[in-house]
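Scroll down for the structure; my scribbles are underneath it.
Fair warning: this is a prediction, and the values are worked out from it, not measured in the lab. Letters A, B, ... are given to chains in the order of the sequence lines, protein chains preceding strands, and every chain is numbered from 1.
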2 protein chains.
Amino acid sequence: MRVTIKEVAKEANVSLSTVSRVLHNSSKITDETKKRVNDAIKKLGYHPNYIASSLAGKPTKTIGIVLPNDSDELFKNTFFINAMRGISIYAQKRGYFLMYSFSKDDEEEVKFIEKYIRSGWVSGVVLLNSFENDKCIEYLEEHSFPFVIIGTPNRPKSINWVDNDNRQAMKDVVLSLVKKGKKSIAFIGGHKKMKVTKDRYLGYQEALEESGLKIKKNSNFFFDSFTEENGKKAMRNLLSTNDVDAVVTTDDLFSFGVLDVLKENKRLDIMVTGFNNTPRSTFISPTLTTVEINADELGEKAARLLIENLENKDLEKQGLLVSSSLIERESTKNEL
Amino acid sequence: MRVTIKEVAKEANVSLSTVSRVLHNSSKITDETKKRVNDAIKKLGYHPNYIASSLAGKPTKTIGIVLPNDSDELFKNTFFINAMRGISIYAQKRGYFLMYSFSKDDEEEVKFIEKYIRSGWVSGVVLLNSFENDKCIEYLEEHSFPFVIIGTPNRPKSINWVDNDNRQAMKDVVLSLVKKGKKSIAFIGGHKKMKVTKDRYLGYQEALEESGLKIKKNSNFFFDSFTEENGKKAMRNLLSTNDVDAVVTTDDLFSFGVLDVLKENKRLDIMVTGFNNTPRSTFISPTLTTVEINADELGEKAARLLIENLENKDLEKQGLLVSSSLIERESTKNEL
DNA sequence: CTGTTAGCGCGTTCAA
DNA sequence: TTGAACGCGCTAACAG
């Protein structure tokens, strides 16, 4: 059987509560008795039982993470594993445990959150399903349970969230192209209703404006799904109707399609950038210039935000922006 | 405050223990009181508190997973995220919670296992660091704490483990090449001391033997590290000294190097296979025939093995083999 | 078949 | 500054 606080007390010739006190540095204790207790702890190899401690009212120091099961996303991206690692880096530093569960749909997602809360195991939740998790948010808010979301929620005011500065990121992308002498830059993005798309498009517009450039007609595209095929479609269209010298996209997948069309048409003088730094971007030719969204850091900051809120209940809810970095590769080299 | 068993008891006009009993289907209870209790549970929206239940002696129904932090592996492979998902699929079905932690080295790995055990949170551990985790195994055995390892341990007899049938997998690869008329098949693998390498090499030898083929001199290579460069080195060597018509490797990375050399030398008539079905294998040209190791299933079976052992203490330790599947792509097509 | 009671290991009053 | 006692929510004997 494991050694309990009781045996430590006996060994140190003090009462249970005294041991408990030195364990938590609470109230004043003589240096001498403190030493006696600590010696006993060491001698007996005592380690506190979190279960008992939690039952007696202490927080569990455990965070639950909810992941989507969608295999496509999982395969395409190292986002999730990196975000999970990021979370772990901060959480472990603070002595927190991490739980995770994959859910196959929204409904199951809520179910797991319910389970996390009701079981009493976790004291906070990280939402990692990048998109629409309104049901989860609703449930968590209803039960006023602490949580943080990676991604920008619809009502960002009253919620803890962490996301990239998508506007700035795309702005940087476009400005770097302008610096290379590009003057007619096309845009390919996801659905216009999505916050990510909106933000990135905003950055695109701002960069052009600041550079004194205009958006050409028919040079902006918005698609419902992030596919290579849509990238191709847009690029073919651009080649026939426009005189572009660069293309920015909100996702590497679009860019892969774009590059295919450019290769076919021997127009690799047109520069291309992507977003998300998917592994494939380094394997194709030309290698793709893209934006690293730093999933690690997103996770780390999310964990920090949550834990700070956990330990300081009346902290204001806030949103945190994580900078991303432009990774320059062959698709934006002048020599090509 | 959450509703407790006590309130349910009062509502149903029974004692605590009766409620506890219907909760666990233990001993005989009148259908009528059972109904009364269940009604009360529903009416009050009662949910058992796992913490209390655990403290009172019930198992925690929580499994701890230990992951390596090594970014290279993490990026190259979807193995970990898939294995984690596989574990979750089975564990969640059985009502188990999952904890994870990333450790940056062996030492930290043991530290986390220690923490898992001492805290009392978890009742079993899954080791996922594919290679040498002797220290962890040692620690776990010392404390006779239930665990399962994904991969083949050095002393497989007294340990629960799950792994691919590497011998058979490689055998299938080679036989499929023989069936395509190949007669001089080279082998490129990792360090000869590694169990994986040994097993795959064994399958290679068996297949050749059964097909009445001989291993040519200087056509087998073993490298310390899985790199493209080593693949190139081996292939250049093979081209100059041997008359091979196919190359099998124990890792896609070797194969990428091999294909590079073959393309350079316009020798794509030589067939190539890899191992692990890394994402890149579908993006290169020719696309690479490789072996899918089914990380999902490895995780699922590992969870099953562990949970079965958890719920049935005197179960024998065992090793489970997970079949892999050969994915035929362009690099083994005759037309090329 | 059901109720009573004594813990599980620890935190936290309240006294001393 | 320290100790005794109670309770967190639940399980598992032991009675009846």
**OP:** Grab the CG-P distance between B:Leu16 and D:dC8 for me, whole Å please.
**Re:** 12 Å
Subject >> salt_bridge(A:Glu311, A:Arg94) N-O dist < 4.0 Å >> reply: yes
**OP:** Quickly work out the A:Asn13 CG to D:dT2 P distance and round it to whole Å.
**Re:** 13 Å
Original post:
How large an angle, rounded to 10°, do the end axes of the helix from C:dC1-D:dG16 to C:dA16-D:dT1 enclose when each is built from five base pairs?
Top reply: 40°
Subject >> cation_pi(B:Lys115, A:Phe97) dist<6.0 Å, angle<=45 >> reply: yes
**OP:** Test ring pair (Phe, Tyr, Trp, His ring centres under 6.0 Å) on B:Tyr100 and B:Phe102 and set out the steps.
**Re:** CA-CA 7 Å; B:Tyr100 79 88; B:Phe102 281 96; 5.8 Å; yes
Original post:
Would one find a side-chain N or O of B:Thr33 under 4.0 angstrom from OP1 or OP2 of C:dC1?
Top reply: no
Original post:
Nearest-Å distance, CD1 (A:Ile5) to P (D:dG3)?
Top reply: 13 Å
Subject >> Distance in angstrom units between B:Lys34 NZ and C:dC1 P, rounded >> reply: 10 Å
Subject >> Residues within residues 49-60 of chain A bordering DNA chain C, heavy-atom distance below 4.0 Å >> reply: A:Asn49, A:Ala52, A:Ser53, A:Ala56, A:Lys58
**OP:** Find the distance B:Lys6:NZ to C:dT5:P and express it as a whole number of Å.
**Re:** 13 Å
Original post:
Checking all strands, does A:Val14 fall into the base, sugar-phosphate, or nothing category for heavy-atom contacts under 4.0 angstrom?
Top reply: sugar-phosphate
Original post:
Is any side-chain heavy atom of A:Leu140 closer than 4.5 Å to a side-chain heavy atom of A:Leu127?
Top reply: yes
Original post:
Rounded to the Å, how far apart are B:Arg21 CZ and D:dA13 C1'?
Top reply: 10 Å
Original post:
Does A:Ser119 reach the main-chain N or O of B:Tyr50 with its side chain, forming a donor-acceptor pair under 3.5 Å?
Top reply: no
Original post:
What about A:Ser17: does its side chain form a donor-acceptor pair under 3.5 Å with the base of D:dA4?
Top reply: yes
**OP:** Answer yes or no: is there an ion pair linking B:Lys35 with B:Asp31, defined by an N-O contact shorter than 4.0 Å?
**Re:** no
Subject >> Salt-bridge criterion met for A:Lys301 and A:Glu297 (N-O under 4.0 Å) >> reply: yes
**OP:** Please tell me which of the listed nucleotides, C:dG11, D:dT1, D:dA4, lies nearest to the side chain of A:Ser20?
**Re:** C:dG11
Original post:
Is the shortest distance from a Lys or Arg side-chain nitrogen in B:Arg36 or B:Glu11 to a carboxylate oxygen in the other one below 4.0 Å?
Top reply: no
Subject >> Rounded interatomic separation in angstrom, taking NE2 from B:His24 and P from D:dG9 >> reply: 16 Å
Original post:
Does a side-chain heavy-atom distance below 4.5 Å link B:Ile81 with A:Phe80?
Top reply: yes
Original post:
A:Asp31 has an atom CG; how far is it from atom C1' of D:dT2, in whole Å?
Top reply: 15 Å
Original post:
With respect to the phosphate group of D:dG9, does any side-chain polar atom (N or O) of B:Thr4 fall under 4.0 Å of OP1 or OP2?
Top reply: no
